[in-house]
Structures are given as C-alpha cells and as structure tokens.
Amino acid sequence: MLPAASDGMHWPLTGRDSEVSVALGAVRAGRPVLIRGQGGVGKTRLLRAVAEAAMAQGWQIRFGVGTETARAIPLGAVAHIIPTSALDAPRDGVLRAIVTAIEASLVVPGPVLICVDDSHLLDDASATLVSHLVRQAGPRLSVAIVVRNGPRMPDAISGLITDDLVDQVEVRPLDEHAIGEVVAAGLGAPVDPVTVALFTRWTRGNVLFLRELVRDGAEHGVLRVEHGLWTWHGPPTVGPTLKELIRARHARLAEPSRRALELIAIGEPLPLALLDQLVDPATVDELSDADLIELDDVTGADSVRVGHPLHAEALRGVIPPARAKRLRLDLAEALGGQSILSSTERLRVAVLLADAGRPGDAETLVSAARRAWALRDTALVERLCTAALRSGPHPEASYLLGETLADHGDYESAVDAWSQILDVSLPEDVRVKVAIASAAVLALTLNRADEARSVLEDAEQQVRTGAGRDRLAASRAALFLHADENTDMNSAAVTYADASVPDQARVFAWLASARDRLLGGECDSVAGEADAITAVAERAGEEFPMAAMFVGICRFFGLVQSGRLDEAQRFCEIQREASLTDPLPIAPATWSQGLGIVAISRGHLDQAIDHLRAAAALLRGNDIGSLRHVLHELALSLAMTGDADGVAAAMAEATIANSGLIDPFVEDVRIDAALLAAQGDVSGARRLLLERRTETQPRLAFYDVPLLHDLVRFGGAEQARDGLAGWAGVVDGIVAQLYLDHADAAVADDVDALVDVAERFMRAGFDLFAAEACVRAAEFARSGRLGARRAAALERQADISLARCGALQARTPILANRGPAMLLSPREREVSMLAASGLSDNDIATRLVLSVRTVHAHLRSSYRKLGVTTRHELAAAIDAPSGSLLKS
C-alpha cells in the first residue's frame, strides 16, 4: 500500500511525463532507479506516481522513508518492511535473508518494487540494505530511491551513483507553464498569467513552497477569484507551515552565519564588498556552499541575495525587533560610510535609519522619497514624506504625497492637493513638476482637458527659466497632440533631438511625436528610435518614473503594427518579467495587455483572453485610463469567439472606466462587426465597417488598416482593396502590403496568390490569418480546375495553423466554410448561421434585406445539401454558436 498524500488539495503531477516514463521503464526492466533533485521540487510525488503505475501493472510495493528520527535506529527506516524472521539469520547472511524473506512474504507471487524516500536521511544499516537490494535487482525485484541533491548522503547511497548502478532521473523545478497548470488544477479554476509569473518567481518552481504559498494566500484572501480567474494581490505571504520549514533549515546555523544571513535578508541585494566588511568572508563562502545565498551581478558589481525569495521573506518576519534594529543600524553605518553614494544607496540608508527609529532631516527624507517615487514604491514615498512634513511645510514632500494619491487611483484628491500647492510661492522646479503631474491626470484620466491646459498655461506665465518652459511646452505637445490642431509637432521633433533640452522635456516631445507617427503608419521608424530615447527616459526617471515604460509601449506598437510579432512578444515577456517586482500594478498590467494584443494578432484567443483579464484585474481600482483600452481588446477577443454576453459585460465596464484624451486602440465598430460575423451576419458586419469608414474622415492608418483587413476577411475584399492600396505605400513594415496582397488574391480567386499570402502570414506568426487564407484557397481550388486533392492539402495546412491558435477557436466567415458548410453557397451559409443562432425567418429577411420567400428558398436548399430537417440539426451540421446569441 502507498502512504496517503498529506495535502487536501488535488495537486496533479504536471510537467513530469518524461521523468515518469524513464523511471517506470527502468523499473519494468528490473533496473534500479534513483530520483534526485533539490528539496521540495516534487521528488516524492514522482516516486508515488511511479509506484502507482507499477502497482497497476502487477508489481507489489514496499515503501520506506528516511527521517532524522529513524536515523538514530539501525534499519529504522525500513524495519516495517523486513520480516522479523530474517533478523535471526547469521550476521554475515542477514542481508540475503532479508531479500529472501521479503520475496517469501508476498501474498501473491510476482515482482516487488522497494521504494525508499529521502534516502539521504537513512541510517548506515538501512543504506547498506538498500545498496544490497540495488545490487540484487532484477525482473522480480527492483528498487526506486529518492535522494536530495547536496553534500550530506550516506556512503552506501553515494556509492551507487559513483559505481553507476542506478538509472538517474533528475527532477528539476517546475517551469511557468507547469506551475499555471498545477495551480489551476489544485484550485479548480484558471490562474491569471501575472499571478503564475509571480508564483514562478517567488517559488523558483519548488512544488512544496508553491503548495504552501497558494494555501496560505487562499486562506488569507490575498489569492482570490476575480472575474473567473485566481489573482494574487500584494507581496508574497509566508504562512506558519512554510515558516517552520524554513526556520528548521536555518536552526542549525552558527551565530556568525545566522547574523550574516539576516543582514543579507534585510539589506538585499547587498554588495559583496560591503558584506565582507560586516562579516568574515569565510562565513559568506560557507553560506554560498550551502546554497543559502546566491551571487548576482545585476547591479554591475557582485551582489548577494538570500538563496530563495521565500527564505528571505520568512527570515525578515522572524528576526526579533531589537536585533533587527541593530542589524539595520549596522547596515546604514556601513552603507553611509562609503565615499560615493548613488541615489539608490542614499535611499537605502534613509530607509534603514527610519526603520531603526532614527530618521534624518527633512531634505534627506525628501531626497530619499524622490528616489522611492522613481522606483514607484508609493508606500515608501508616503512614509518618508509624512516623516519630513512633521518638521514643517515642505512643497516637494506635499507634491510627492499627491503623486501617491494618484498612483493609488484617488485622482480627484491628488488634483485638489496639487492645486493647493500651486496657490503658494514655490521653487520653479517644483512648480513645473506639480503642473505637469496635475495636467496629466486632468487630461489623461479625468478627461478635463480645458483645466489641464489652464494649469500648464498658468505655470508657463510664472516660470522664467528656459528649462522649465521647455518641459511645460513638451508636456503640452504630448498631452494635446490630437486634441489641438495648433500643436507644433515640428518644434516637438526638434526638442527631443536636442541634447541641450532637459531629459524630461525630450521624452515628452518624443512620445508626442511617436504617437503621431504611429497613428500615421511610421511603425518601423518609431521602433528603431526607441533604444536611443530609452536611455534619455532612464535618466529622466526621478522626474518622470513611467518614462521608460511609455517609450516601451511605443516601441511595442511599432513592432506589432509593422508585423514583427515575435519581437513584440519577446519584448513584452522581458518587460513583464522585470515589472513583477514593481509595487504598482500599472507596469505588469501594461505588459500583460501587450501579450494579449500579440495573442489577438496571432489568433490565439484563449491566451489573449487570459492575459487581458489579468491586465484588467490589475487595473481595477488603480486605473490611469488604461482599463478602458484593455476592456476594448478583451471585448474584441471575446467577439471573435461569438461570446455576446462576454462582449456586453466588457463594454459595459468600459463605459464607466476612467476616460481620457487617448482613444482605445480598438474601435468599437471592429468589436461589433467581429461579433456579427461570428454569429453569421456577415452582411451586417461588412455594412458596419463601411459605414464607419464613411463617417470618420480622414482615417488614421493605425485604425484604418486593421479595419480594412477585417473587411477583406468578411468577404468585402473589393470594397477594401483601394483603401489598402492607398496605405501600402505609406505604412512601413510588412502588414499593409500583406493585407493588400490578401485582398488582391481574394478578388482574383487566385489560389497560388492566396497560398503565397498564407505562407507569409505563417512566417510572420499570424496563425489565424494564415488558416483563413488556406481555407479560402481550398474553396477556390475545389470550385475550379485544381480539384479536391489540392483543396484537401490546403485544408490540412489550415488545420496546422488553427492547431497553433489553441483550443478556443475564432468564429470567422472564412473558417465557417470548412466541413459540411463548404457545400453551401455564401448566402446559404449566412442564412443558415442566422437561423441556427435563433432568428426567425422574418428577422433574417429584415436583417439581410431579403424577402421571406428568398429566406425559405435558401433554407430549403441548405437542408437538402446537408441532409438535415430541423434548425437544431442545422446548427450542429455547420457548427454554429448555440443559443440565441444575436442582439437586436
């Protein structure tokens, strides 16, 4: 019998198929197997899976476990599997007698598998017995051993490895994909991708830590379900079980090692040179050898961290207050004693002193708060500024407190606080910062553009320095580029190229210019400039903390709009990983949104919906105007699947989200048209798109090019062709020309041209568009001279592209032509889809501007071709959305 699992949650064995296969293969062949890995990675769970599979194949199982307690007793770990009679054998024959007795004790003759968990904790006698069993292994007796990587291992077990007597299976930490699967299965619902990324970072793939983290987070409500996704809120929590596990590991440390580890936990990342001043370098080497700390060079010099993020969190929580105070003062003295301090090091000294109860003067605190704001640690900004204001008024401290209000979504209070500061005498640099911050919130979040203009104009009248006026002018260009026809973009372009202009002004000006050029189709040039301007943005970080992120957003859209999806996705993944430590949700939300946009472009709608829901969850309650954009993208991805209720919910929330001067990146007409097309009303979808093009003139490439391609995909290639031809020579990158070639091929019914377009879509990563082009080519091939064989080959290629799109498939008019539906004419398909979706014949006639008699004729023809007699059978035959989805 196998020992029972100790966890009430169902934690499936995920991502271990190859390891189980190798181990089970060795067992069946009568070869001993040794399962090894770091502590907590799931070695025991893997051993159980191998034992369960072997037992199902007729093997009988005997299970032993090494423990610290049993280690003091000879054969203590395996005593329960040894028949008593074997112990009476002569001393020199006891091992052979034990093996014989085990075989004789089997109720049913057959092979036996001896499983030994935690063999690194075996006493010498048990280890010797296991070694003997390994050497006796064969078809009737095999052994599976689990051992933890590390220096402490009985000689008899390490000898098995040295003598190559066992097949080894290395169990590595879970990757991000496996963590998402195992947690979703354990919790019974999907987990948002940002939370999965956090779990990966915090646990490093350690299954034991993961289980305890998830359990404690769910119990305390920091891990909770929102809009159908499990989402984590706040920093990691270390529950009592995990604390005890970590405490036990550190309990054996001598005082010098414990002090060194605590100093690192409080001050990480700690420069190695500084740590060597505080503790004996030999102690640091010992901690490194024991994998309790790790070195990295992220800062450009060797720094030291606690070896695991959750170890550091647990350590900080158990250090006694008086001891923690002394450690902080020691660190502050050592850090502050350096001849040159960076702004980040000055911040750390200020925080260490404040936490130790010895805050400095107001200027020191505000200087530290300025750096904390650049790092977007608003809780720390608030603490430092509040301490500074205890000694009297300080305009910059009040300004930074307003920034914390805005960062936490209390925009009205932030604007009120800043307006009070602007009413008093201020240093010019503070006035400029307050005016820019206030105008940005008024314009971009509260949609009060006139007030924003007034704030900037009033500030310009009171600011005399050229640098201050440059920053205000560039801010106006960035905020009102498309709301003010008088904005001089030529001067803005000159400003960001002028190295003598303040960095913040240069970034503002570049953002204004980049947004204007992206909307006009200059995608590659914007993406190409991003590296140079990012360096400027990073220098401007203390004045404009989100500068680098906004530059990154422009780079991202340049990559996506020019068709460089792989680059865009990789860039987003890197940025999201870096943003996971950001105290504010806007950064991880932004890059989750970016991953969602890439997934929509590829047609990977299940991924798109997960990423966009994660972004929305992060932004709710802390929206700077981005939530409305995310909800539009979410609505588009849901519309493409035919989910009318999901679309309605997302758009309803978007109407009450914060709105500003920047329009959502997805027009609502594309959402409405995608939903109509998914439900079968292809004529209605085309009509909506054409009406929007007529109503909105002139059109911007950013919005018009994807709309025109939707028109091509919905059967309106002839109407879209001229518009795409006009953009193909204007928009850089591959997208506009590829869309035009798609339209030309569709208009000409040219199979070879469509195949060429499909291949180019595939190479660029547009999997859905590639599948659609293949299906359209198959349709033309089947109806022309090329015949069924060529059509079947194209349909197989479409299946390959659709398989990459994932389980949640888009419902598009072209894909509806697959299977039995290809027997129908385009009009018959349209009428059949509407009928299957719940509309009456009269409603269909009204919607398609047909007579009821014509609708009847199309339905009769469709029934005959498909061999069905009811609308229910019709819906099943053409794979139509179930239920009444169409909204009047």
Side-chain angles (χ1 to χ4, degrees), residues 343-344 346-347 350-351 354 362-390 393-424 426-446 448 451-452 455-456 459 468 471-472 475 478-479 502-505 507-508 511 537-538 540-550 579 582-587 589-590 618-619 621-626 658 660:
S343 57
T344 299
R346 287 195 295 272
L347 168 62
V351 172
E363 287 303 323
T364 300
L365 289 167
V366 171
S367 176
R370 192 183 304 124
R371 181 58 185 160
W373 184 62
L375 298 172
R376 296 205 285 276
D377 191 339
T378 54
L380 182 56
V381 172
E382 187 172 359
R383 186 151 58 93
L384 294 169
C385 287
T386 300
L389 289 169
R390 290 195 188 106
H394 194 293
E396 188 164 8
S398 297
Y399 152 67
L400 288 171
L401 282 176
E403 289 283 9
T404 67
L405 290 170
D407 283 340
H408 289 292
D410 191 354
Y411 302 109
E412 294 285 359
S413 297
V415 169
D416 288 345
W418 286 326
S419 66
Q420 294 175 31
I421 301 172
L422 290 170
D423 286 341
V424 301
L426 289 175
E428 280 199 353
D429 63 327
V430 177
R431 183 174 296 281
V432 169
K433 287 190 285 191
V434 174
I436 290 173
S438 183
V441 169
L442 286 166
L444 298 179
T445 303
L446 300 179
R448 287 152 56 181
E451 291 180 56
V455 166
L456 292 174
R471 289 163 63 189
L472 291 167
S475 174
L479 290 175
D503 288 335
Q504 185 186 23
V507 175
F508 271 138
L511 290 172
E538 288 170 350
E542 290 201 3
E543 298 293 335
F544 184 11
M546 292 189 182
M549 187 183 78
F550 288 142
S579 74
D582 199 303
L584 293 177
I586 180 63
T590 293
L618 288 165
L619 291 171
N622 200 332
D623 177 22
I624 62 169
S626 302
N658 286 327

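The two residues L426 and L422 make their nearest non-hydrogen contact at CD1-CA, 4.1 Å. Taking both residues in full, the closest heavy atoms of A537 and V507 are given as CA-CG2, 3.6 Å, listed atom of the first, atom of the second, then distance. Nearest heavy-atom pair across F544 and W373 is N-CZ3, 4.4 Å. Minimum interatomic distance between H394 and E363 (heavy atoms only, all atoms of both residues): NE2-OE2, 2.9 Å. Residues Y399 and A437 share a closest heavy-atom pair of CE1-CB, 4.1 Å. Taking each heavy atom of A439 and A452 in turn, the nearest pair found is O-CB, 3.5 Å.
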### Task
Evaluate the side-chain contact (heavy atoms from CB on, under 4.5 Å) criterion for residues D407 and V381: first the C-alpha distance (whole Å), next the side-chain angles of each, then the deciding distance (0.1 Å), finally the verdict.
CA-CA 11 Å; D407 283 340; V381 172; over 6 Å; no
Determine, step by step, whether E412 and R448 satisfy the salt bridge (charged side-chain N to carboxylate O under 4.0 Å, His left out) criterion, reporting the C-alpha distance in whole Å, the side-chain angles of both residues, the deciding distance to 0.1 Å, and the verdict. CA-CA 11 Å; E412 294 285 359; R448 287 152 56 181; 3.0 Å; yes
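A donor-acceptor pair is defined here as one N or O able to donate and one able to accept, closer than 3.5 Å; no such pair exists between the side chain of W418 and the backbone of A435. Without hydrogens or angle criteria, S475 side chain to R471 main chain gives no donor-acceptor distance under 3.5 Å.
For the atom pair CD of E542 and OG of S367, the computed distance is 7.0 Å after rounding to the nearest 0.5 Å. Rounded to the nearest 0.5 angstrom, R431 CZ and L472 CG are separated by 10.5 Å. One distance of note links CD1 of I421 with CG of L401; it measures 8.5 Å at 0.5 Å rounding. Here R376 contributes atom CZ and S579 contributes atom OG; the two are 8.5 Å apart, rounded to the nearest 0.5 Å. A distance of 11.0 Å separates CG of L389 from CD of E396, quoted to the nearest 0.5 Å. The structure places CD of E403 at 10.0 Å from OG of S438, a figure rounded to the nearest 0.5 Å.
A 4.5 Å side-chain heavy-atom check between L347 and L380 finds at least one atom pair inside the cut-off. With a 4.5 Å cut-off on side-chain heavy atoms, V351 and R383 count as touching. Counting heavy atoms from C-beta on, the side chains of R346 and T364 never come closer than 4.5 Å. Counting only heavy atoms from C-beta outward, the side chains of I586 and M549 approach each other to under 4.5 Å. I436 is listed as a side-chain neighbour of F508, based on a closest heavy-atom distance under 4.5 Å.
The side chain to side chain contact (heavy atoms under 4.5 Å, CB included) with T404 is formed by just one residue from the set T378, T386, D377; it is T378.
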